[in-house]
Amino acid sequence: GGGGGGGVDLSQWLRVASTDFSRTIQSVQALLVGLLLQQPPPNGVSALRGGGGGDGGGDVLEAILSDQRSFNGIIDVDSRHTMKMIPDPQPRRFVGEAELETELMNGPEFVKREEKMKPLANRITRILMESGVIDEDALKVSFGVGEDGASGKEKTEVPTDLGQTTRDDGSSPSRATKPLAWNQLAEILKCLEVRGKLTGISRSELRGVHEHNAWRWFALLSDRRLGPMAIVSLARKLLMNASEAANSWKKTDGSMGWVRTSSSPLLHVFSGHDATLIALMCFFRIERPAVWPDYGSYLKIELLRDDIGLCDRSDFDGDCSATAADDKYYILFSLNGEPLRSEFFHEDKQGRNMGYRYFVPWGDALEGLKDVESKLPPLA
């Protein structure tokens, strides 16, 4: 595109959405600056300009390219659909969803793991409260699938598993509620870590909190009944976006080859949470990474048109059973740039699973979505 304020209309190829949290909006703003800014903004001018209103209409990012632009620089960040982008909306969407969460949390493996990790939650909650980082109001927040028990209604003593029955000044510990929810612990500790204020908590304890939090999400959302209830709206949106993009291209008989016939965006960016990534990975039955990545991770879902039979060649050291003749379009999942295999709707005629594959035929993805939705309970 040219300069002088003209150029490419971003609405023709880019659409952006975020949950309505400051950190996720700022995260996607930073991503867009890195993606689109060709040079730093002028001195004293911020590349991020807040906008929108209190009605959830979304913040606005303005990418300022001095006096030269290769695109029209206003990008809306739609934050109206937060409840569809997190796997734990309140209230739950489907009949029996909350009861199923309780059932899964009462399973022997889940209970055993929670009991093993409880002293760590007690210890860190106590440190955070006594250092003044949080107060009792922090314990009244419902903060995720399986965390509704931490509602602040039950009163117990502040945990004293550090072997300390009184404070240094001789006073007794204050009264508080249950330990912080694991999601809250992970969020707070990450904020303290990046600010260099992680006092009294070791690196191994920090890692233990993040790993257990991710384990809880996977343990709950990998259930074939609960997982789809938690994130089906966003999963459907992703596939419908891909359908619109695929249908915006048409192959011509002449020398022009493929041409765009509509302005459906080709790139959709969603800014969410680690739980959003885990929920989508469980929904699409993507293999798990050996170690759950740190904050700032991204899950990429690409719709690829295969004109040369790429899937026949197992380019990613994996078996791809589909051929280009079956369908010209395939989905490839990757986490932080690393391709991951999926077993989403990869079954034989008897319904037996046929294993993981890198390239998921587009037709299978759409059939898989229909199959999942057909098994969902009624909306609450």
Side-chain angles (χ1 to χ4, degrees), residues 14-19 21 23-32 34-35 77-79 81-88 144-145 183 186-187 190 210-211 213-223 226-243 245 265-304 316 318 329-346 356-360 362 364-366 368-369 372:
L14 174 65
R15 192 162 294 164
V16 183
S18 172
T19 56
F21 292 83
R23 62 185 182 277
T24 52
I25 293 172
Q26 290 170 2
S27 176
V28 77
Q29 287 176 331
L31 181 146
L32 292 172
L35 180 67
V77 179
D78 188 349
S79 60
H81 307 291
T82 298
M83 291 299 101
K84 295 181 180 180
M85 292 178 61
I86 57 176
D88 53 339
V145 169
N183 288 342
E187 295 273 3
K190 186 62 181 180
H210 287 301
E211 290 181 354
N213 188 46
W215 178 87
R216 293 180 92 262
W217 280 113
F218 275 118
L220 292 169
L221 297 176
S222 60
D223 182 84
L226 180 61
M229 296 186 212
I231 205 70
V232 65
S233 293
L234 180 57
R236 182 193 305 115
K237 178 64 175 175
L238 296 177
L239 293 183
M240 294 305 100
N241 288 344
S243 285
L266 300 179
L267 175 63
H268 293 262
V269 178
F270 295 87
S271 184
H273 309 264
D274 55 350
T276 308
L277 297 189
I278 293 174
L280 288 171
M281 292 181 71
C282 291
F283 184 94
F284 289 113
R285 295 162 65 174
I286 302 170
E287 61 183 342
R288 301 181 193 178
V291 178
W292 182 243
D294 205 348
Y295 277 46
S297 296
Y298 63 95
L299 176 67
K300 185 163 62 174
I301 304 175
E302 296 177 273
L303 179 65
L304 308 174
F316 294 103
Y329 289 97
Y330 298 84
I331 289 179
L332 175 65
F333 300 96
S334 62
L335 183 67
N336 296 335
E338 177 185 353
L340 294 176
R341 297 175 300 171
S342 166
E343 57 177 6
F344 188 59
F345 208 69
H346 193 201
Y356 288 100
R357 53 189 172 176
Y358 282 104
F359 297 98
V360 178
W362 179 237
D364 285 2
L366 296 181
L369 176 63
V372 168

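Residue indices begin at 1 and follow the sequence shown.
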To the nearest 0.5 Å, what is the distance between CG on Leu221 and CZ on Phe283? 12.0 Å
Nearest-0.5 Å distance, CD1 of residue Ile231 to CG of residue Leu277: 9.5 Å
Test item: Leu280 and Leu238 side chains (from C-beta on) under 4.5 Å apart, heavy atoms: yes
Just verifying a value: how many Å separate Leu234 CG and His81 NE2, rounded to the nearest 0.5 Å? 11.0 Å
Answer whether the closest heavy-atom distance between the side chains of Ile331 and Ser342 falls below 4.5 Å. no
Any Glu187 side-chain heavy atom under 4.5 Å of Arg23 side chain: yes
Test side-chain contact (heavy atoms from CB on, under 4.5 Å) on Phe270 and Asn241 and set out the steps. CA-CA 12 Å; Phe270 295 87; Asn241 288 344; 3.6 Å; yes
Least distance between heavy atoms, Leu226 atom then Asp223 atom: N-OD2, 3.0 Å
When you measure from the side chain of Thr24 to the backbone N and O of Ser18, does any donor-acceptor pair fall under 3.5 Å? no
Closest approach of Ala219 and Ser222, non-hydrogen atoms and distance? O-OG, 3.7 Å
Indicate yes or no: at least one non-hydrogen side-chain atom of Leu335 is less than 4.5 angstrom from one of Tyr298. no
So, do Val360 and Arg285 sit near enough that their side-chain heavy atoms are less than 4.5 Å apart? no
Within 6.0 angstrom of Glu302 CD, more than 12 heavy atoms from elsewhere: yes
Any side-chain heavy atom of Met229 within less than 4.5 Å of one from Val372? no
Roughly how far, to the nearest 0.5 Å, is CG of Asp78 from CE of Met85? 9.0 Å
On a heavy-atom basis, the closest approach of Gly337 and Pro339 is O-CD, 3.4 Å
For Tyr330 and Phe359, the nearest pair of non-hydrogen atoms, with its separation, is CD2-CB, 3.9 Å
Evaluate the criterion salt bridge (Lys or Arg N to Asp or Glu O under 4.0 Å) for residue pair Asp274 and Lys190; output intermediate values, then yes/no. CA-CA 13 Å; Asp274 55 350; Lys190 186 62 181 180; over 6 Å; no
Exercise: identify the closest heavy-atom pair between Ala365 and Phe344: O-CE2, 3.5 Å
side-chain contact (heavy atoms from CB on, under 4.5 Å) evaluation trace for Arg216 with Ile278: CA-CA 10 Å; Arg216 293 180 92 262; Ile278 293 174; over 6 Å; no
Taken to the nearest 0.5 Å, the spacing of Lys84 NZ from Arg236 CZ works out to 8.0 Å
Of Ile86, Asp88, Asn183, the residue whose pairing with His273 passes side-chain contact (heavy atoms from CB on, under 4.5 Å): Ile86
Checking side-chain contact (heavy atoms from CB on, under 4.5 Å) between Ile286 and each of Glu343, Arg341, Met281, which is the one that passes? Met281
Minimum heavy-atom separation for Trp217 to Pro87, with atom names? CZ3-CG, 3.5 Å
Is the shortest heavy-atom distance from the side chain of Arg357 to the side chain of Asp364 under 4.5 Å? yes
Got Leu239 and Trp362 here, is their nearest side-chain heavy-atom distance under 4.5 Å? yes
Short side-chain to backbone donor-acceptor contact, Ser271 and Ser27, under 3.5 Å: no
What is the distance from atom OH of Tyr358 to atom CG of Leu332, rounded to the nearest 0.5 Å? 9.0 Å
